[in-house]
Amino acid sequence: MTASINLRKLRKRLFSKTTFRGAVAITLVFAGWELGSRFKMPILGSIPPPSDVLSVLHRITADGRFWHHWLASFQRIFMGFIAAQLVGIPLGLAMAMSLATRRFLFPILEILRPIPPLAWVPTAIIFWPTTESSIAFVIFLGAFFTVVLNVIGGARSIDQRYVRAALSLGSRRRDIFWKIVLPATLPSIFIGMAVGMGITWEVVVAAEMIAGKSGLGYFTWASYVGGNYPQIIVGMLSIGIAGYVSSGLIRAVGKIATPWQRPL
Amino acid sequence: MDAATTLEVEGISKRFGKDTTAEPVLADCSFALETRKLTVLIGPSGCGKSTLINVIAGYEKPDAGAVRILGKPVAGPGADRLAVFQETALFPWMTTLQNVAYGPLVQRTRPREKVLEEAARLVDVVGLREFSDKYPSQLSGGMQRRAELARAMINEPTLMMLDEPFRGLDAMTRELMQEYFVRLYEERRLTVLFVSSEIDEAIFLADTLLVMSHRPGRIISRMAIDLPRPRLPSVLTSLEYLHYKSEALELLHAEAMKAFAAGSKAAADFVDAYAARDEGEPS
């Protein structure tokens, strides 16, 4: 595909009905929020209006430190996230392929899974040598369980027709894994990754409370401690947007990696 | 029977589940196939045709009996006997060409370039050249079945099995596929075991017709279909054809009635009444 076609596609998508509807929804939310806040409506009245948030945002985006927080969070999230994939995907596949492995590890996994990342914070601090590694570990946990469960689910729900056909056509065990199980599981792997990515941003605040001095989670919490309310909103929205962008990236990679799922 | 018979099925019995008092799906089912002939296996629905195919393919183990290919007993799935089923088993993550080339590529018996060349040729033979880079989900039902035929044929299997492959296609496509398949068979003369539940399809395709009984399934009749080849759709209106059809229908009707009656008490009563009426009729 050439760049010119991509540009045309991009323009088409930017000015589509979908974009228009999304923009209208966002505008309506902001308008309601502004009015509710200005006229001191219950609940909304205690939140700073978006105009205040915007002026803070305007000031703050000129400040390099704000972008430094973005970068710091992105770095941590990608570290923890990639570690979760590197451990989670092979583990999930192993547990799906071998009953013995599954029986052995499943109980441990299911006991650890419900523990919220926030509850891991003290252990993470004690267990890991540096602050950064503790933070990355909490983020890792956020994505890890979702990834493992999605891989197991995906690999175990493969239609037996494919395995039978592959066996008939002369596949060895190795072929069954690399040419059947892995590609058949790929869509589930990417779903797990997209969901897991969302969770990592959910836990970033908890993770960066670990004596962090940077990051969007730290920024949000520090704004609360410092009593700068509009800045809390800036921090929250930043995490939201960062999460949206990262999940979008994963979905885009997933689309490229599983071309057969795209209707042409 | 000499050792070179393509397929020998001898005394196959198969029962599902652990309950040994349950009625078996197959009981002492035996037959042999003639090499390079198209044999159609026909029987009422639920008579165990698919189970039989699964046993021959090596996906299921029989409780008793043996399946031999060229005199050798089968132990598991193998590329010497390939099956095409009603539901497509093309790998969704591979293009048509990749699907067709899969067998010889994993068997590593031929060099890669040769395999891809042959795959492209076969994709052309089944009329899918323009779709060779499409994924199965982008093909119609008829195209998927043709791609599967190509994927099986590239392995030059000793035995090709087709289990109601054209079921679920619309009537027009189905007819075209039958005519296409007859032509393909007449050109290549593989040994084919074709499962059907439709009498017209069965006689139109077959050199030999095997009629299977209602559960427990076994072969109750073997009919040689001596219609001229190449088979053309015009054969469907010939007298010989109608003769074969009425003969087969008679056999099948009794079995179909048993299958129907097995469903419920009311159906059984209906069948009894039907039989009584038949007897009462002056002949």
Side-chain angles (χ1 to χ4, degrees), chain A residues 1-2 5 89-90 92-93 96-97 99 150-194 250-264, chain B residues 50 53-54 56-60 74-96 98-110 115 119 131 133-139 144 147-148 150-161 163:
Chain A
M1 229 177 279
T2 62
I5 293 174
I89 295 173
L93 286 170
M97 296 288 281
L99 185 69
N150 264 286
V151 174
I152 297 176
R156 294 202 63 207
S157 61
I158 292 174
D159 199 320
Q160 281 308 302
R161 272 182 297 162
Y162 303 136
V163 179
R164 283 181 164 190
L167 283 172
S168 268
L169 291 165
S171 310
R172 291 155 302 172
R173 234 182 116 77
R174 208 186 325 155
D175 300 315
I176 298 280
F177 177 77
W178 288 107
K179 292 174 176 154
I180 308 298
V181 174
L182 198 60
T185 314
L186 218 50
S188 307
I189 292 180
F190 276 101
I191 290 171
M193 283 171 91
I250 304 267
R251 273 194 293 270
V253 175
K255 247 183 175 174
I256 295 166
T258 59
W260 64 91
Q261 293 218 312
R262 235 179 323 174
L264 281 183
Chain B
S50 293
I53 295 295
N54 281 333
I56 298 172
Y59 299 147
E60 308 262 9
V74 310
D80 53 349
R81 63 220 118 84
L82 291 175
V84 173
F85 293 95
Q86 174 195 337
E87 284 180 19
T88 177
L90 292 170
F91 305 129
W93 45 90
M94 293 182 198
T95 63
T96 307
Q98 289 168 335
N99 262 294
V100 173
Y102 182 85
L105 282 185
V106 293
Q107 292 159 28
R108 293 161 200 257
T109 42
R110 291 176 253 176
V115 170
F131 297 88
D133 293 328
K134 299 277 185 218
Y135 291 101
S137 61
Q138 300 166 323
L139 305 179
Q144 290 176 352
E148 270 187 88
R151 180 171 76 170
M153 284 190 310
I154 198 171
N155 299 283
E156 290 162 358
T158 314
L159 171 66
M160 265 289 271
M161 291 180 287
D163 187 1

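For the numbers below, each heavy atom of this structure counts, side chains included, while hydrogens, waters and symmetry mates do not. Chain letters run A, B, ... following the sequence lines, proteins first, then strands; residues in each count from 1.
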Original post:
Given side chains that start at C-beta, do those of A:Y162 and B:P92 come closer than 4.5 Å, heavy atoms only?
Top reply: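 A:Y162 vs B:P92: side chains touch.
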Original post:
Does some side-chain heavy atom of B:Y135 sit less than 4.5 Å from a side-chain heavy atom of A:P259?
Top reply: yes
Would you compute the distance between atom [atom1] of [X] and atom [atom2] of [Y] and round it to the nearest 0.5 angstrom?
X      : Y      : atom1 : atom2 : result
B:R151 : A:S168 : CZ    : OG    : 9.5 Å
A:W260 : B:M94  : CH2   : CE    : 9.5 Å
B:Q107 : A:S171 : CD    : OG    : 8.5 Å

**OP:** For residues B:Y59 and A:A165, report the shortest heavy-atom separation together with the two atoms involved.
**Re:** OH-N, 4.0 Å
**OP:** Compare every heavy atom of A:R164 with every heavy atom of B:N54, then report the nearest pair and how far apart it is.
**Re:** OD1-NH1, 3.5 Å
Original post:
Considering only heavy atoms, which portion of B:I154 lies under 4.5 Å from any heavy atom of chain A: side chain, backbone, both, or neither?
Top reply: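 Contact with chain A: none, neither part.
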**OP:** Name the region of B:E148, side chain, backbone, both or neither, that has any atom closer than 4.5 Å to a heavy atom of chain A.
**Re:** neither
Original post:
For chain B, which residues from residues 175-183 of chain A lie under 4.5 Å away (heavy-atom distances)?
Top reply: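 Listed by number, the contacting residues are A:D175, A:K179, A:I180, A:P183.
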Original post:
Looking at A:Q160, A:R161, A:R172, which makes the most heavy-atom pairs under 4.5 Å with chain B?
Top reply: A:R161
Original post:
Relative to chain A, which of B:A57, B:G58, B:P77 shows the most heavy atom pairs under 4.5 Å?
Top reply: B:P77
